[in-house]
Amino acid sequence: MALLPILYYPDPRLHTVAKPVQAVDARIKKLVADMLETMYDANGIGLAATQVDVHERLVVIDISEDRDQPLVLVNPEITWASPEKKLNEEGCLSVPGIYDGVERSTSIKVTALDGEGRSRTIEAEGTLAICIQHEMDHLLGKVFVEYLSPLKRNRIKTKMLKARRETERA
Ligand code: K1U
Ligand code: ZN
């Protein structure tokens with residue numbers, strides 16, 4: 001297994017629209033293992049392939065306290081989203097240190113393949129529903145800061161670019 005480098009906002013590659021995974025083969029299984037290792041190492045509850053510069057429809061999630069219940073979604077599609085929405089605080093491994101409110105459906109239904117290529121239907125609510133919607137936005141090239149006001153987004157962009165320059169100088 002290997003740790004994969006995570007792209008940081010405002011990297012333009014984060015805005016790439018992912019293509020469907022053609023087959024859950026050895027390459028995808030290795031990518032899943034590497035993405036899980038990368039997500040656990042970064043203390044995240046989710047990671048989309050987009051964030052590691054792979055533009056295929058694949059996400060990994062683990063919202064369990066003991067970090068032992070990985071969920072792999074290949075070619076996920078939301079088939080139903082509740083009209084009821086709620087504002088929740090979100091973070092993102094591609095925008096470290098920034099947390100802000102995003103309105104999301106409180107419950108969703110999702111179809112996907114699992115890490116073995118088997119068909120699955122998932123009914124999610126609470127943190128899992130929020131996380132799936134956040135990760136599926138990544139697959140569409142959308143980062144959560146795009147839900148915020150242009151003023152907030154520009155401040156975040158400036159902060160991230162400054163942090164990157166300081167890291168590069170160190
Ligand atoms: O996609 C990502 O960047 C992962 C992201 C998922 C996410 C967190 C919170 C709300 C929606 C989606 C993270 O894991 S950021 C890490 C983090 O801030 C966090 C970790 C554990 C619980 C809650 C937040
Ligand atoms: Zn994210």
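Worth knowing before you read on, the calculation uses all heavy atoms, side chains too, and leaves out hydrogens, waters and symmetry mates. Please read these numbers as outputs of a predicted model, since none were measured by experiment. Start at 1 and go down the list; that is how both ligands and their atoms are numbered.
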- Within reach of ligand 1, part of F144 (heavy-atom separation under 4.0 Å): neither
- Heavy-atom distances under 4.0 Å are what count here, so tell me which part of M39 touches ligand 1: side chain, backbone, both or neither. neither
- L139-L71 co-clustered via ILVMFWY side chain contacts under 4.5 Å: yes
- Answer with yes or no whether the hydrophobic clustering places V21 together with V59; edges join I, L, V, M, F, W, Y residues whose side-chain heavy atoms lie under 4.5 Å apart. no
I'd like to check whether [X] has a polar contact with ligand 1, where a contact means an N/O of the residue lying under 3.5 Å from an N/O of the ligand.
{"X": "L93", "result": "yes"}
{"X": "I45", "result": "yes"}
{"X": "H134", "result": "yes"}
{"X": "E90", "result": "no"}
{"X": "E89", "result": "no"}

Heavy-atom nearest neighbour in the protein, as seen from [atom], with distance rounded to 0.1 Å:
{"atom": "atom 4 (C) of ligand 1", "result": "G46 O, 3.0 Å"}
{"atom": "atom 17 (C) of ligand 1", "result": "Y99 CE2, 4.4 Å"}
{"atom": "atom 1 (O) of ligand 1", "result": "E135 OE2, 2.7 Å"}

- With a 4.0 Å cut-off on heavy atoms, does N43 reach ligand 1?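 Heavy atoms of N43 do come under 4.0 Å of ligand 1.
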- Under 4.0 Å from any heavy atom of G44, which atoms of ligand 1 are there? 14 (O)
- Query: If you count the atoms of ligand 1 from 1 in the order shown, which ones are under 4.0 Å from a heavy atom of Q51?
  - Reply: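 With Q51 as reference, the close atoms of ligand 1 come out as 1 (O), 2 (C), 3 (O).
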- Could you tell me the angle subtended at the Zn ion (ligand 2) by NE2 of H138 and SG of C92, rounded to 10°? 110°
- Should we count CD of Q22 as having more than 12 external heavy atoms under 6.0 Å?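 Open.
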- Message: Can you confirm whether E125 is buried at CD, in the sense that more than 12 heavy atoms of other residues, nucleotides or ligands lie under 6.0 Å from that atom?
- Response: no
- Message: Under a 3.5 Å cutoff, is there a donor and acceptor pairing between the side chains of T111 and T79?
- Response: no
- Message: With heavy-atom distances below 4.5 Å as the criterion, would you say the side chains of I156 and D100 are in contact?
- Response: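 Sidechains of D100 and I156: no contact.
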- Checking side-chain contact (heavy atoms from CB on, under 4.5 Å) for the pair L7/Q51: CA distance, chi angles, key distance, verdict? CA-CA 5 Å; L7 299 178; Q51 293 174 279; 5.7 Å; no
- Message: Could you measure the distance from the CZ atom of R104 to the OG atom of S82? Nearest 0.5 Å is fine.
- Response: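 Result: 12.5 Å between the selected atoms.
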- Can you check whether a protein heavy atom sits less than 4.0 angstrom from atom 12 (C) of ligand 1?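 There is a protein heavy atom less than 4.0 Å from atom 12 (C) of ligand 1.
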- Query: Does the protein put a heavy atom less than 4.0 Å from atom 8 (C) of ligand 1?
  - Reply: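 Answer yes: something from the protein, a heavy atom, is under 4.0 Å.
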- Message: Check this for me: does any side-chain nitrogen of one of D11 and R164 sit under 4.0 Å from a carboxylate oxygen of the other?
- Response: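 R164 and D11: not salt-bridged.
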- Task: Would you verify whether the NZ or CZ of K142 falls within 45 degrees of the ring axis of Y147 while also being under 6.0 Å from that six-membered ring's centre?
- Result: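 Geometry flag: set, cation within 6.0 Å and 45°.
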- Taking it one step at a time, do R13 and D53 satisfy salt bridge (charged side-chain N to carboxylate O under 4.0 Å, His left out)? CA-CA 7 Å; R13 290 172 288 181; D53 203 19; 3.2 Å; yes
- Message: Can you check which of A48, G97, G91 brings a heavy atom nearest to atom 5 (C) of ligand 1?
- Response: G91
